[in-house]
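Notes follow the structure.
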Amino acid sequence: MRKNLIRAMMLPFLLGTSCNVEDLGKIKSGTISPNLALNLGYSEYTVQELLEDLEDESVEISTGLDQSMTLYFTENTLYDDNEKFIDINSVSNQEEFSPNRNVPSAPIGYEIDIDEVFTFSFPANNDEEIDSLYYNSGTLDFEMLSTFKGDIDYTWTIEGTKIVSTNQDLTNTRQLDYTGADVMDSYSRPLEGLKSKFYKNASDENEFQVHVEGTITFEAGTEILPTQKMTFDLAYNNPGFSKIFGKFGSDPINLQNQSIDMTAFNEFSGDGLKLEDPRVYLISTNSYGMDVELSFDELKAMASDGGELLLQEINPPGIDGFVSSPEVEGEVKVDTVELNNQNSNIDELLNSAPVSMEFEISGVPNPTSSSRISNFLLEDSQIEIESLIAIPMQFRMDGFSVDFDFQLSELDIESAESLVFNIISTNEIPFRGNIDLKFIDEQGDLLFEIPNAALIESPTVGDDGKIVEAKISNSDIDLSAEGIEALINAKDILATANISTFEHENDRFVTLYSDYKLNIELSLAGEVTIQL
């Protein structure tokens, strides 16, 4: 405050003394020692500000209708590696029609009838069972080579490979003339627009049949040898699928490899922070037609020194990591797996003040707990896992500090004979502790400090977890001559509140509500000598 403000504040006091106003003008010399009282200001700190000090985009603060607060750290992982469930490469089969005829000279109108059913295989990697699939890429290629010296009129039908638009088996009829060389035929078309249905042999292998029927016609006198034959090659080249049905096995898959940054919350690590009921939620959105059992062997908390603490299940009840699946393609199923202090040591992990939480979560498709007898997946099937760390503001803490900054205008107190600081704290937060005062100059250097200058008393917490009423504490501190000199040269007064939660020594947890606040008010009282 400026000097004229000090004098203005003192004027009512002077007018209120026993001297009459007209007598003041007669005073030619002397001194007067009036009392002064200066309000240096107040600073308010809310629970909302306490959490906003985390200053990290990865943290979301949620406030309930009752003003209770929860911190959330979240990350999302998308798994859509369909080839890990079932992988289909190019498939090719070859079969022969060899009637083993030995005819030195064919009679007039000699024919060989063709009526063959060939069994072809359609394997998938790791021998997964395929019931049917719909193609969206690749080509189907059919070739025939005949060493018979005759005309061929034939039809082939791939049973189970159908044109989607008509639901009819793919078939083709050809009439081929013998011209003195081997008779050849070829057919090629995109797999897109086709679907295939397979059956299982005794070894649960995927099979389908190709039916070839027709006639080979020979001119009279043509020699027919036992080595002559027709060769059929059928290939599904680079097949891609839009959806596939079958049973895809139980090979483990790595569903999530994610790190959640916890460095923001780590700033409380040196304050004896203990969380009462932290939880981790793994929210899965599954559009695969298969159930999955999650495994948490590599979920861990990472310390700043590189140490790690692994998640462990508590049995019973253990962690139910079952992820269910939709019954109909195109739908999704949402499940939530909860890790809490009843089924795991997740509270130990989060109370270790980690700098990050590492989620390396694997899954077992078609676990023994699943009742599904078949699976499906679409080209856009996926499992999305949202890892959600929920930290309700229910904790105990010992040794947390927060600063209150009071900026000073110029104080005209050079003639002060005595000065007393008055500190009033109005506290709605279930914290208690003390206040240190520091006088800081314009360069930010410490001029003077008063440790344990005042107390902060905690309000009483009721059985419902809420405070009964705010607690007001009032403290007076006499300033020494050194303190007065430091105050004259100070630009700021820093009041540091060193606090612990209510009854933390009894392992009591408190709940913070967003509307709780702590108010610190500073004032200065004393006597100054004014030369008249």
Side-chain angles (χ1 to χ4, degrees), residues 90-123 130-135 138-203 205-237 239:
S90 295
V91 175
S92 62
N93 288 267
Q94 184 180 86
E95 289 289 347
E96 295 179 352
F97 172 65
S98 181
N100 195 26
R101 300 286 179 92
N102 188 3
V103 181
S105 179
I108 297 174
Y110 190 82
E111 294 180 346
I112 295 177
D113 291 330
I114 309 168
D115 190 359
E116 294 290 324
V117 176
F118 302 113
T119 299
F120 287 179
S121 65
F122 196 101
I130 304 175
D131 293 330
S132 60
L133 61 84
Y134 290 71
Y135 303 97
T139 59
L140 182 145
D141 296 298
F142 179 89
E143 293 183 353
M144 184 277 293
L145 174 65
S146 171
T147 59
F148 292 107
K149 298 176 180 180
D151 300 333
I152 299 175
D153 182 0
Y154 82 119
T155 299
W156 54 260
T157 301
I158 306 176
E159 297 178 352
T161 294
K162 300 176 180 292
I163 300 172
V164 174
S165 60
T166 63
N167 202 36
Q168 298 298 311
D169 287 336
L170 185 65
T171 186
N172 190 46
T173 299
R174 295 281 282 165
Q175 293 178 341
L176 306 169
D177 295 331
Y178 174 70
T179 60
D182 291 344
V183 179
M184 300 180 65
D185 184 23
S186 65
Y187 173 91
S188 181
R189 64 152 291 161
L191 283 169
E192 186 176 5
L194 299 180
K195 62 181 180 180
S196 288
K197 184 172 179 60
F198 308 104
Y199 63 88
K200 308 296 180 295
N201 62 20
S203 301
E205 297 168 332
N206 312 308
E207 292 186 345
F208 64 103
Q209 292 183 332
V210 177
H211 187 195
V212 181
E213 56 184 340
T215 303
I216 307 173
T217 303
F218 300 91
E219 292 183 357
T222 303
E223 182 182 15
I224 303 173
L225 301 175
T227 56
Q228 291 174 337
K229 60 186 177 181
M230 294 175 70
T231 303
F232 305 98
D233 288 285
L234 176 61
Y236 294 76
N237 289 312

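Source: prediction; values computed, not measured.
Residue pairs satisfying the side-chain hydrogen bond (donor to acceptor under 3.5 Å, both in side chains) criterion with at least one member in residues 220-230, sequence neighbours excluded, are listed as follows: Glu96-Lys229. Residue pairs meeting the ring-ring contact (aromatic ring centres under 6.0 Å, His included) criterion with at least one partner in residues 95-118, sequence neighbours excluded, are Phe118-Phe232.
In Lys195, the NZ atom is crowded: over 12 heavy atoms of neighbouring residues, nucleotides or ligands sit closer than 6.0 Å.
Within the 4.5 Å cutoff, the side chain of Phe198 has heavy atoms near those of the Leu133 side chain. The closest side-chain heavy-atom distance from Asn93 to Val210 is not below 4.5 Å. Here the side chains of Phe208 and Ile130 are not in contact, with every heavy-atom distance at 4.5 Å or above. The shortest distance between side-chain heavy atoms of Arg189 and Leu170 falls below 4.5 Å. In this structure the side chain of Ser92 never reaches within 4.5 angstrom of the side chain of Asp233, judged on heavy atoms. The shortest distance between side-chain heavy atoms of Gln94 and Thr231 falls below 4.5 Å. The shortest distance between side-chain heavy atoms of Lys197 and Lys162 does not fall below 4.5 Å. Proximity of Met230 to Ile114: side-chain heavy atoms (C-beta onward) are separated by under 4.5 Å at one or more points.
Considering Thr155, Asp169, Asp115, Thr157 as possible partners of His211, the one that fulfils the side-chain hydrogen bond (donor to acceptor under 3.5 Å, both in side chains) test is Asp115.
Across Ser105 and Gly221, no two heavy atoms sit closer than the pair OG-CA, 3.1 Å.
With hydrogens and angles ignored, the 3.5 Å screen pairs a side-chain donor or acceptor of Ser146 with a backbone N or O of Phe148. Within the 3.5 Å criterion, the main-chain N or O of Trp156 finds a donor-acceptor partner in the side chain of Thr171.
Between the CD atom in Glu213 and the OG1 atom in Thr173 there is a gap of 8.5 Å [rounded to 0.5 Å].
No close placement of the Phe120 and Tyr236 rings is indicated, their centers lying 6.0 Å or farther apart.
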Test side-chain contact (heavy atoms from CB on, under 4.5 Å) applied to Val164 and Tyr135, step by step:
CA-CA 10 Å; Val164 174; Tyr135 303 97; over 6 Å; no
Taking it one step at a time, do Thr217 and Tyr178 satisfy side chain to side chain donor-acceptor pair (under 3.5 Å)?
CA-CA 9 Å; Thr217 303; Tyr178 174 70; over 6 Å; no
Report the C-alpha separation of Thr215 and Asp151 in whole Å, then their side-chain angles, then the decisive distance to 0.1 Å, and conclude whether the side-chain contact (heavy atoms from CB on, under 4.5 Å) test is met.
CA-CA 8 Å; Thr215 303; Asp151 300 333; over 6 Å; no
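Judged purely by distance below 3.5 Å, without hydrogens or angles, the side chains of Ser188 and Asp141 pair a donor atom with an acceptor atom.
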